[in-house]
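Atom set for the values below is all heavy atoms of this structure, side chains included, hydrogens, waters and symmetry mates excluded.
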Amino acid sequence: MRFLDAFRQKKPRGGFNSAVAKEFSQPWSGGDGIDMERAVVIHARSWRKGLPAEYAYISSLHGLRGHDWFIDSQETRHVDDRNYEIWIIKTDDGAKLRYYFDVTSFHG
């Protein structure tokens, strides 16, 4: 086997498991975030990856942060065995919207 043959193989190399693949391919799942029962579940191992996923989710719906939408407030709640972040944003047309994120994977 030549040196570059390992890079040309189509199969994943050892050590790259499905949990890691899921984290990088889908940073969120679950509901639409309108209420706690339909919270957006963030898949992250640390807040350094979780927080950008929250921003990315809202940006995917409303556009560019700081231009199309702004953070009005953020709050953290612990309910049963889950941790939630509640974001209230203000859109550029003046609407206030609330989003619920299940951040149990990296918070608490």
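Proximity of Glu85 to Glu75: side-chain heavy atoms (C-beta onward) are nowhere separated by under 4.5 Å. A 4.5 Å side-chain heavy-atom check between Met36 and Arg77 finds at least one atom pair inside the cut-off. Looking only at side-chain heavy atoms (C-beta outward), Tyr84 and Val103 stay at 4.5 Å or farther from each other. Within the 4.5 Å cutoff, the side chain of Ser29 has heavy atoms near those of the His43 side chain.
Closest approach of Ser105 and Ala44 over heavy atoms only: OG-O, 3.0 Å.
Remark: Asp102 CG to Asn83 CG distance equals 8.0 Å, nearest 0.5 Å. Distance check: Ser59 OG to Trp69 CH2 gives 4.5 Å after rounding to the nearest 0.5 Å. Distance check, rounded to the nearest 0.5 Å: CG of Leu51 to NE2 of His107 gives 10.5 Å. Atoms CD1 and CD1, from Ile58 and Ile71 in turn, are 7.0 Å apart once rounded to the nearest 0.5 Å. A distance of 10.5 Å separates OG1 of Thr104 from CG of Asp80, quoted to the nearest 0.5 Å. In this structure, CG on Leu61 lies 12.0 Å from CG on Asp68, to the nearest 0.5 angstrom.
Under a cutoff of 6.0 Å and an axis angle of 45°, Arg65 and Tyr55 form a cation-pi pair.
Ile86 and Val41 sit in two unconnected hydrophobic clusters of ILVMFWY residues. Membership requires side-chain heavy atoms under 4.5 Å apart, directly or through other members.
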Can you give me every donor-acceptor pair (side chain of residues 94-101, partner residue at least two apart or in another chain, under 3.5 Å) with its distance?
residue : atom : partner : partner atom : Å
Lys96   : NZ   : Asp72   : OD2          : 3.1
Tyr99   : OH   : His62   : NE2          : 2.5

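Tyr57 and Trp28 have perpendicular rings, their planes meeting at more than 60° on a 0 to 90° scale where under 30° would count as parallel.
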For this session: Evaluate the side chain to side chain contact (heavy atoms under 4.5 Å, CB included) criterion for residues Glu54 and Trp87: first the C-alpha distance (whole Å), next the side-chain angles of each, then the deciding distance (0.1 Å), finally the verdict.
Result: CA-CA 9 Å; Glu54 291 174 270; Trp87 292 39; 3.1 Å; yes
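Scanning for ring pair (Phe, Tyr, Trp, His ring centres under 6.0 Å) contacts around Phe70 gives an empty result, with sequence neighbours left out.
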